[in-house]
Protein chains: 2
Amino acid sequence: MSENAQISIDKIVENLISIHPLLSKNFTRAIRSKTNLNPGSLFILGLLKKYTVLSMTEIGCKLSMPKPHVTAQIDKLIAEEMVERLNDPNDRRIINIRLTDNGLKDFESIKLEITEELRHRIEKLSTEKIERLYAASAVAREILTEIMIEPSTPGNDCKR
Amino acid sequence: MSENAQISIDKIVENLISIHPLLSKNFTRAIRSKTNLNPGSLFILGLLKKYTVLSMTEIGCKLSMPKPHVTAQIDKLIAEEMVERLNDPNDRRIINIRLTDNGLKDFESIKLEITEELRHRIEKLSTEKIERLYAASAVAREILTEIMIEPSTPGNDCKR
DNA sequence: GAAATTGGTTACAAAAGTATAACTATTATT
DNA sequence: AATAATAGTTATACTTTTGTAACCAATTTC
């Protein structure tokens, strides 16, 4: 580890720790005021859109969510008919979760609603800043997804 | 608003909404397991480090935190002797909050602890990716801070 | 085939965050 | 001077999230 790289890591962490409350306050407020879902179940929907099918354990692992909580959230999403439980043909213990057609559609429109204020804020930026934020958010998403979802310590593997 | 800019905004929102749970799960877990503070009070400390002095109302405004919750959080931070209340000489209704010397020191060491796992994950990246993530996080922080902390709708102004 | 492990659920307790109303003290309005 | 508005606290109720332990069913291990 070069000294320069270490300095960069310190600054990355400093930046991420500043970004977090900004996103958190915006999204959680909007979720509460504009939907009857909670942040946790929205995270699950986003995950399912990306991975198509995930078991209960995999969901909990990728979101660092305790298993009993995953069960409760999925129960709510099933009551809303946004996801469905599928039995795994290879292992009858496993219950796979998948978005329903309605669930995907509803998720997209919910996302539009909860990001409305954020969109308005971004719109006010100059075209140059929008392009810079676009590039930056894409890079951050790509690399953070790589390092956060993949296994960290051995044995903490989330598969898929 | 050009069509291209609108497409960029959509993608920015999509990226941010993906990044949020990644940061959220990492930080909130670490905060719970490694400190006796809660995420909300850490947000306040980060804000105070940036602004030096803020009133109760300003804190609540910038973090979208209800006023009674701000009172409770500050009470805890005062019990830990990390912040102090100061009377405002110009307006005796206002109570200003400032980090104590110890508070700043403790905050820095808490940050080191709660970002330990994140550092290890970043360290495993190539130097090229670290540099890209550094640049991206700096741009995202700069622009998001600008649009999220500043007033959105008129009358929702947080001052300072 | 017995024992241990894994996937998921149930039940319960506790922490954290959100929302609202009522209240005091101070300042601003008129 | 009376009234309205603002800053902050207290009290209360509720939702969301986290954590733990016990439990069943299915699979793996030895």
Side-chain angles (χ1 to χ4, degrees), chain A residues 20-21 24-44 53-78 83 85-97 155-160, chain B residues 20-21 24-44 53-79 83-97 155-160:
Chain A
H20 176 218
S24 185
K25 80 166 189 179
N26 194 279
F27 287 134
T28 57
R29 275 191 69 85
I31 290 168
R32 278 177 209 269
S33 65
K34 305 201 171 179
T35 78
N36 50 352
L37 295 176
N38 36 10
S41 55
L42 263 289
F43 293 171
I44 292 178
V53 171
L54 287 172
S55 72
M56 302 291 285
T57 298
E58 286 168 335
I59 291 171
C61 182
K62 285 187 193 300
L63 292 177
S64 294
M65 198 179 272
K67 278 208 256 182
H69 195 202
V70 177
T71 299
Q73 302 283 40
I74 293 295
D75 282 348
K76 278 189 192 168
L77 290 172
I78 285 180
V83 303
R85 287 186 222 253
L86 306 171
N87 291 320
D88 190 310
N90 300 324
D91 186 337
R92 292 196 300 173
R93 290 171 303 179
I94 295 176
I95 295 182
N96 288 307
I97 308 297
N156 194 15
D157 195 336
C158 291
K159 297 180 210 163
R160 286 193 224 192
Chain B
H20 177 220
S24 184
K25 80 164 189 180
N26 195 279
F27 288 134
T28 55
R29 275 191 71 84
I31 290 168
R32 278 176 210 270
S33 64
K34 305 200 172 183
T35 79
N36 50 352
L37 296 176
N38 36 9
S41 55
L42 264 289
F43 293 172
I44 292 178
V53 171
L54 287 173
S55 72
M56 301 293 284
T57 300
E58 286 169 334
I59 291 171
C61 182
K62 286 188 192 298
L63 291 178
S64 293
M65 200 180 270
K67 278 208 259 183
H69 195 200
V70 177
T71 299
Q73 302 282 39
I74 293 295
D75 282 348
K76 278 187 191 172
L77 290 173
I78 285 180
V83 304
E84 54 189 350
R85 287 185 224 255
L86 306 171
N87 291 321
D88 189 309
N90 301 324
D91 186 338
R92 292 196 300 171
R93 293 171 299 179
I94 295 177
I95 296 183
N96 289 308
I97 309 297
N156 193 17
D157 196 335
C158 291
K159 298 179 209 157
R160 283 192 229 193

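Bear in mind that the values here come from a model prediction, so they are computed numbers and not experimental data. Here is how names work: the chains are called A, B, and so on, in the same order as the sequence lines, proteins then strands, and each is numbered from 1. These numbers come from the heavy atoms of this one structure, side chains and all, not from hydrogens, waters or symmetry mates.
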**Prompt:** For the pair made of CG in A/Leu42 and C1' in D/dT16, what is the distance, rounded to whole Å?
**Reply:** 13 Å

**Item:** Under 4.0 angstrom between A/Lys67 side-chain N/O and D/dG19 OP1 or OP2
**Value:** no

**Asked** When the nearest nucleotide of DNA chain C is assigned to A/Arg29 and to B/Asn36 on a heavy-atom basis, which residue is associated with the more 5' position?
**Response** B/Asn36

**Request:** Using atom NZ of A/Lys62 as one end and atom C1' of C/dG7 as the other, report the distance to the nearest whole Å.
**Result:** 16 Å

**Message:** So, does A/Thr57 get its side chain near the phosphate of C/dT6, meaning an N or O under 4.0 Å from OP1 or OP2?
**Reply:** no

**Request:** Enter the distance from A/Ser41:OG to A/Leu63:CG here, rounded to the nearest 0.5 Å.
**Result:** 11.0 Å

**A/Arg29 atom CZ, over 12 foreign heavy atoms within 6.0 Å** = no

**Prompt:** Can you check the A/Met65 CE to D/dT16 C1' distance for me, whole Å?
**Reply:** 10 Å

**Asked** Rounding to a whole Å, what distance do you find between A/His69:NE2 and D/dG19:C1'?
**Response** 12 Å

**Prompt:** Within this structure, what is the CD1-to-C1' distance between A/Ile95 and D/dT27, rounded to whole angstrom?
**Reply:** 15 Å

**Message:** Between C1' on D/dT16 and CZ on B/Arg32, what's the gap in Å once rounded to a whole number?
**Reply:** 10 Å

**Message:** Is it the case that the side chain of A/Ser24 and the backbone of A/His20 share a donor-acceptor pair, with hydrogens and angles ignored and the cut-off at 3.5 Å?
**Reply:** no

**Prompt:** Can you tell me if the side-chain N/O atoms of A/Arg92 get under 4.0 Å from OP1 or OP2 in C/dT6?
**Reply:** no

**Asked** Does B/Pro66 or A/Arg85 map to a spot on DNA chain C nearer the 5' end, using the closest nucleotide for each?
**Response** A/Arg85

**Request:** Would you indicate which nucleotide in C/dT10, C/dA25, C/dA19 comes nearest to any side-chain atom of B/Arg93?
**Result:** C/dA25

**Complete:** Out of C/dG8, D/dG8, C/dT26, minimum distance to the side chain of B/Asp91 belongs to C/dT26

**Asked** How is B/Lys76 classified with respect to the nucleic acid when contacts are heavy atoms under 4.0 Å: base, sugar-phosphate, or nothing?
**Response** sugar-phosphate

**Shortest side-chain distance from A/Thr71, nucleotide among C/dG8, C/dT18, D/dA21** = C/dG8

**Message:** With a cut-off of less than 4.0 Å, is there a side-chain N or O of A/Thr28 near OP1 or OP2 of C/dG17?
**Reply:** no

**Request:** For B/Asp91 and B/Arg93, indicate whether the former's side chain and the latter's backbone hold a donor-acceptor pair under 3.5 Å.
**Result:** yes

**Prompt:** For the pair made of CZ in A/Phe27 and P in C/dG17, what is the distance, rounded to whole Å?
**Reply:** 19 Å

**Message:** In the structure I gave you, are the side-chain heavy atoms of A/Ile94 and A/Thr57 within less than 4.5 Å of one another anywhere?
**Reply:** no

**Message:** Please compare A/Pro89 and A/Pro68 by the position of their nearest nucleotide in DNA chain D and report the one closer to 5'.
**Reply:** A/Pro68

**Item:** Short side-chain to backbone donor-acceptor contact, A/Lys25 and B/Met65, under 3.5 Å
**Value:** no

**Prompt:** Quick one: is A/Gln73 getting a side-chain N or O under 4.0 Å of the D/dT17 phosphate, OP1 or OP2?
**Reply:** yes

**Message:** Side chain of B/Ser55, heavy atoms from C-beta onward: which of D/dG8, D/dG19, D/dT10 has the nearest atom to it?
**Reply:** D/dG8

**Asked** Taking CG from B/Asp75 and P from D/dT10, how many angstroms apart are they, rounded to a whole number?
**Response** 6 Å

**Prompt:** Under 4.0 Å: is that the gap between some side-chain N or O of A/Asn38 and OP1 or OP2 of D/dT15?
**Reply:** no

**Message:** Categorize B/Pro39 for me: base, sugar-phosphate, or nothing, with a 4.0 angstrom heavy-atom threshold over every strand shown.
**Reply:** sugar-phosphate

